[in-house]
Amino acid sequence: MTIDELASLLADFQDVCYSGGAAGADRLFGLWATANGQHEIHLSFKKHKHHVTEETILELPQSILSDKSVQDKLRKANNTLNRKIPEIGSYVYNLLARNAFQVIVTERVYALAKIVAPDQIDGGTAWAIQMFIDTRVAPEIYVYNLLDNKPYIYDYITGVYKEVITVPTPHGKWTGIGSRSATKIDMDSFTTYFK
């Protein structure tokens, strides 16, 4: 399978949550999608520890995860994030590379995460969000901030997260990601802002 074939396969779905199968936010967004009549697809890889049902997993081959175009996306994201890209093929590298496919065809991103600065998300979620920002003219991003339990939207003009009163209910091709520490209480609270 090539990256283009994978993107085409993912693009065939409507009303679908793309995620990564991790405990916490990934699992919770997938459960929400299924409970609301939508599909859930969790991008994974060999030996990845996932916390969702097998039928929702799409395992990515190492050849795709290590592709030069994925490495380029990680390098570009790192220009903003100023972190460290792990060794290609390592478990943590594969987690970050998988993030590139969570947002490859998505129209909007929803996250249960910590906003640690006006323009910065904590943890691995930042990589997926930054790769989404890097590939879109007007990225649509909604974050439930686990630090103050309020919803935010990414203002792509100023590059900061701004508190809002409501967010659109997840629809179309969307990505649901975030912290492994996110709980059902966090997800339930976020859904009260869906309009």
Side-chain angles (χ1 to χ4, degrees), residues 1-7 9-11 16-30 40-52 56-117 119-136 139-146 154 156 159 161 173-182:
M1 176 184 294
T2 67
I3 290 176
D4 289 341
E5 289 169 340
L6 174 62
L9 172 72
L10 293 173
V16 58
C17 170
Y18 304 112
S19 198
D26 291 6
R27 181 177 168 280
L28 293 165
F29 278 116
E40 60 177 297
I41 298 175
H42 295 276
L43 289 300
S44 187
F45 52 90
K46 192 171 185 164
K47 297 186 179 178
H48 176 226
K49 300 173 190 106
H50 53 79
H51 298 266
V52 295
T56 65
I57 293 290
L58 176 58
E59 188 175 296
L60 302 172
Q62 190 62 52
S63 59
I64 284 184
L65 293 168
S66 300
D67 189 88
K68 184 183 178 312
S69 66
V70 176
Q71 294 174 45
D72 290 345
K73 287 179 183 188
L74 287 171
R75 275 193 287 276
K76 183 171 184 180
N78 197 43
N79 287 339
T80 302
L81 299 174
N82 198 26
R83 298 187 183 176
K84 183 179 186 285
I85 300 173
E87 180 182 338
I88 296 169
S90 70
Y91 189 81
V92 176
Y93 171 86
N94 286 345
L95 286 173
L96 299 181
R98 170 212 57 179
N99 289 353
F101 297 101
Q102 293 172 347
V103 298
I104 193 169
V105 296
T106 201
E107 298 163 337
R108 58 198 56 84
V109 173
Y110 292 78
L112 297 170
K114 295 175 184 172
I115 301 174
V116 293
D119 62 346
Q120 187 179 1
I121 299 289
D122 190 39
T125 305
W127 288 90
I129 287 177
Q130 189 60 51
M131 286 186 275
F132 183 64
I133 291 168
D134 290 343
T135 58
R136 301 301 190 278
E140 195 177 332
I141 303 167
Y142 307 99
V143 179
Y144 180 78
N145 186 4
L146 298 175
Y154 178 72
Y156 61 87
Y161 293 91
K173 295 173 177 68
W174 59 281
T175 298
I177 54 177
S179 173
R180 285 177 174 79
S181 68

* To do: Identify the heavy atoms of Tyr93 and Gln71 that sit nearest to each other, and give their distance.
  => OH-CG, 3.4 Å
* To do: Please answer whether the main-chain N or O of Thr175 pairs with a side-chain N or O of Thr106 as donor and acceptor at a distance below 3.5 Å.
  => yes
* For Lys68, check side-chain hydrogen bond (donor to acceptor under 3.5 Å, both in side chains) against everything at least two apart and list the hits. => Asp72
* Arg27 atom CZ, over 12 foreign heavy atoms within 6.0 Å -> no
* Would one find more than 12 heavy atoms of other residues, nucleotides or ligands at under 6.0 Å from atom CZ of Arg136? -> yes
* In this structure, are over 12 heavy atoms from other groups packed under 6.0 Å from Tyr91 atom OH? -> yes
* Is the backbone N or O of Gly159 less than 3.5 Å from a side-chain atom of Asp119, with the two atoms forming a donor-acceptor pair by type? -> no
* Parallel, tilted or perpendicular, as decided by the 30° and 60° cut-offs, for the rings of Tyr110 and Phe29 -> tilted
* Asked: Tyr18 and Val105: which non-hydrogen atoms are nearest, and at how many Å?
  -> OH-CG2, 3.5 Å
* Which value, rounded to the nearest 0.5 Å, describes the distance between Arg75 atom CZ and Ile85 atom CD1? -> 6.5 Å
* To do: Answer whether the closest heavy-atom distance between the side chains of Leu10 and Leu6 falls below 4.5 Å.
  => yes
Residues 56-67 side chain polar contacts: donor-acceptor under 3.5 Å, at least two apart:
from  : atom 1 : to    : atom 2 : distance (Å)
Thr56 : OG1    : Thr53 : O      : 2.7
Gln62 : OE1    : Asn94 : ND2    : 3.0
Gln62 : NE2    : Ser66 : OG     : 2.8
Gln62 : NE2    : Asn94 : OD1    : 3.0
Ser66 : OG     : Gln62 : O      : 3.2
Asp67 : OD2    : Ser69 : N      : 2.9
Asp67 : OD2    : Ser69 : OG     : 2.6

* Work out which heavy atom in Trp127 is nearest to a heavy atom in Leu74; give both atom names and the distance. => CZ3-O, 3.5 Å
* Separation of Arg83 CZ from Gln130 CD (nearest 0.5 Å) -> 9.5 Å
* Structure fact -> d(Tyr154 OH, Phe132 CZ) to nearest 0.5 Å is 11.0 Å
* Value rounded to 0.5 Å, distance of CH2 in Trp174 from OG in Ser19 -> 8.0 Å
* Asked: Has the side chain of Arg180 got a donor or acceptor atom that lies under 3.5 Å from a matching backbone atom of Ala22?
  -> no
* To do: Check the pair Thr125, Val143 against side-chain contact (heavy atoms from CB on, under 4.5 Å), reporting the backbone distance first and the verdict last.
  => CA-CA 11 Å; Thr125 305; Val143 179; over 6 Å; no
* More than 12 foreign heavy atoms under 6.0 Å from NZ of Lys114: is that the case here? -> no
* Atom of Ala77, atom of Met131 and distance for their closest heavy-atom approach -> CB-CG, 3.9 Å
* At what distance, to the nearest 0.5 angstrom, does CG of Asn82 lie from CD of Gln120? -> 10.0 Å
* Asked: Just wondering, do Ile177 and Ile129 contact through their side chains at under 4.5 Å, heavy atoms?
  -> yes
* Asked: Roughly how far apart are Ile115 CD1 and Asn145 CG, rounded to 0.5 Å?
  -> 4.0 Å
* Asked: With no hydrogens and no angle check, is any side-chain donor or acceptor of Glu40 less than 3.5 Å from a backbone partner on Cys17?
  -> no
* **Note, Val52 side chain near Asp26 side chain (heavy atom, < 4.5 Å)** => no
* Heavy-atom side-chain contact between Ile141 and Tyr156 under 4.5 Å -> no
* Structure fact -> Of all heavy-atom pairs linking Leu146 and Ser179, the shortest is CD1-CB, 3.7 Å
* **Minimum heavy-atom distance between Ile121 and Ala126, given as atom pair plus value** => O-CB, 3.3 Å
